[in-house]
Trainee: 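One structure follows; several queries about it will come next.
For the numbers below, each heavy atom of this structure counts, side chains included, while hydrogens, waters and symmetry mates do not.
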Amino acid sequence: NQSHMTYGTIHLVGNLASIFSILSYLPGLKIMRDIILSKSSESYSLFPYVAMLASSSVWLKYGLVREDFPLITVSCFSLSIQTTIVFVFYLFARHRGAIHFQLLLCMLMVFPVLSYVRYSPNLDLAIEHLGVYCTAVSIVSYGSPLSAMSEVLRTKSSESMSLSLIMLNFITACLWLTYGTLVHDSNLTVPNFVGACLSCFQLGFICVFPSTKSAGSAGAADASKKSVGSLATV
């Protein structure tokens with residue numbers, strides 16, 4: 001009976017983590033719509049989405065070899081979203097040299113690792129290495145919110161940060177942290193602990209450096225440019 005309750009808890013937390021992760025990717029769809037309407041992607045940064053594309057790819061492989069359904073579900077959804085966003089970026093970019101470089105970097109981050117897991121003579125060891133690599137890639141994907149925090153320090157205003165998205169990312173990271181603890185997977189707990197702490201720092205920045213009243217819609221628009229969902233969370 002206790003085992004059944006534990007399984008039910010894992011299932012519930014895993015499903016909630018999946019739902020909140022999917023919600024955290026939705027701002028990317030707004031950016032994609034804005035790019036299509038303006039017919040230009042020059043005012044947006046592609047790096048967060050390429051980083052998430054690489055992260056989703058390796059997490060999907062990790063979820064498949066671990067037979068982890070919540071992880072597979074979120075990774076597939078994220079991979080679809082990030083691929084579409086990158087395609088739209090590319091379609092409306094005037095200068096594509098930097099995009100080619102970032103995509104090459106993404107492939108170098110993903111394909112050698114997938115090949116190693118596929119052809120490794122010791123699958124258990126390869127899965128262990130893959131988990132560590134997933135953790136490292138997820139932590140690297142925190143570069144975007146860190147850049148937003150540096151801008152807050154420079155301007156003494158949090159207008160470039162989205163409170164709602166930070167709260168969403170915090171809840172998502174906490175759910176994945178709980179899920180990782182329940183399934184005893186440190187490769188889920190470590191990056192999401194870092195993600196939860198980073199979200200707390202961001203919330204602290206918003207309290208210390210409140211957005212000015214005149215920032216209004218400009219701040220919200222800028223926040224959407226700097227924010228990226230969490231799979232850093234997976």
Trainee: Looking at CG of Asn192 and OG of Ser199, how far apart are the two atoms once the value is rounded to the nearest 0.5 Å?
Mentor: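 If we round to the nearest 0.5 Å, Asn192:CG and Ser199:OG are 10.0 Å apart.
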Trainee: By side chain to side chain contact (heavy atoms under 4.5 Å, CB included), which residues pair with Leu163, not counting sequence neighbours?
Mentor: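 Checked Leu163 against side chain to side chain contact (heavy atoms under 4.5 Å, CB included); matches are Met167, Leu203, Ile206.
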Trainee: Can any side-chain N or O of Ser55 pair as donor or acceptor with the backbone N or O of Met52 at less than 3.5 Å?
Mentor: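 No; zero donor-acceptor contacts below 3.5 Å.
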Trainee: Working to the nearest 0.5 Å, report the span between OG of Ser45 and CD1 of Ile31.
Mentor: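 The CD1 atom of Ile31 is 9.5 Å from OG of Ser45, to the nearest 0.5 Å.
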Trainee: Once ring pair (Phe, Tyr, Trp, His ring centres under 6.0 Å) is applied, do any residues pair with Phe20, and if so which ones, sequence neighbours excluded?
Mentor: none
Trainee: Should Phe101 and Tyr44 be regarded as members of a common hydrophobic cluster, given that ILVMFWY residues are connected when their side-chain heavy atoms come within less than 4.5 Å of each other, either directly or indirectly?
Mentor: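 Hydrophobic grouping puts Phe101 apart from Tyr44.
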Trainee: Can you tell me how far CD1 of Ile85 sits from CG of Leu53, rounded to the nearest 0.5 angstrom?
Mentor: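 Spacing of CG (Leu53) from CD1 (Ile85) equals 10.0 Å.
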Trainee: Applying the 4.5 Å side-chain criterion to the ILVMFWY set and letting contacts propagate, would Val86 and Tyr25 be lumped into a single cluster?
Mentor: yes
Trainee: Who passes ring pair (Phe, Tyr, Trp, His ring centres under 6.0 Å) against Tyr90, sequence neighbours left out?
Mentor: His100
Trainee: Please report the C-alpha distance between Trp59 and Leu188 in whole Å, then the side-chain angles of each, then the deciding distance to 0.1 Å, and finally whether the side chain to side chain contact (heavy atoms under 4.5 Å, CB included) criterion is met.
Mentor: CA-CA 10 Å; Trp59 275 113; Leu188 287 174; 3.7 Å; yes
Trainee: Going by the rule side chain to side chain contact (heavy atoms under 4.5 Å, CB included), which residues pair with Phe87 if we only count those two or more places apart in sequence or in a different chain?
Mentor: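 Applying side chain to side chain contact (heavy atoms under 4.5 Å, CB included) to Phe87 gives Leu91.
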Trainee: Please enumerate all residues that pass side chain to side chain donor-acceptor pair (under 3.5 Å) together with Ser40, with sequence neighbours excluded.
Mentor: Arg94
Trainee: Which heavy atom of Pro27 sits nearest a heavy atom of Leu23, and at what distance?
Mentor: CD-O, 3.7 Å
Trainee: Rounded at 0.5 Å granularity, tell me how far CD1 in Ile81 sits from SG in Cys76.
Mentor: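 That separation rounds to 12.0 Å.
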Trainee: Over 60° means perpendicular and under 30° means parallel, so classify the ring planes of Tyr7 and His11, tilted if in between.
Mentor: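 Ring orientation of His11 relative to Tyr7: parallel.
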Trainee: List the atom pairs, with distances to 0.1 Å, where a side-chain N or O of residues 62-70 and a protein N or O form a donor-acceptor pair under 3.5 Å, not counting sequence neighbours.
Mentor:
unit_1	atom_1	unit_2	atom_2	d
Tyr62	OH	Asp185	OD1	3.0
Tyr62	OH	Asp185	OD2	2.8
Tyr62	OH	Asn187	ND2	3.1
Arg66	NH2	Asp185	OD2	3.4
Asp68	OD1	Leu71	N	3.2
Asp68	OD1	Tyr179	OH	2.8
Asp68	OD2	Tyr179	OH	3.0

Trainee: Has the side chain of Ser24 got a donor or acceptor atom that lies under 3.5 Å from a matching backbone atom of Ser21?
Mentor: yes
Trainee: Hey, could you give me the CZ/CD1 distance between Phe89 and Ile35, rounded to the nearest 0.5 Å?
Mentor: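 Here the interatomic distance stands at 4.0 Å.
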Trainee: Rounded to the nearest 0.5 Å, what separates atom CG in Leu16 from atom CD1 in Ile171?
Mentor: 10.5 Å
Trainee: With sequence neighbours left out, what residues match Cys197 under side chain to side chain contact (heavy atoms under 4.5 Å, CB included)?
Mentor: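 Counting only residues at least two positions away or on another chain, Cys197 forms a side chain to side chain contact (heavy atoms under 4.5 Å, CB included) with Phe193.
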Trainee: Is Met107 isolated, or which residues cluster with it under the ILVMFWY side-chain rule of less than 4.5 Å, directly or via members?
Mentor: Leu104, Leu108, Phe111
Trainee: Under the side-chain hydrogen bond (donor to acceptor under 3.5 Å, both in side chains) rule, what pairs show up with a residue in residues 115-126, not counting sequence neighbours?
Mentor: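 Found Tyr116-His129.
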Trainee: Can you name the closest pair of heavy atoms from Cys106 and Val50 and give their distance?
Mentor: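 Looking at all heavy atoms of both residues, the closest pair is CB-CG1, 3.7 Å.
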Trainee: For Met109, enumerate each residue passing the side chain to side chain contact (heavy atoms under 4.5 Å, CB included) test, keeping only those at least two apart in sequence or located in another chain.
Mentor: Ala54, Tyr133, Val137
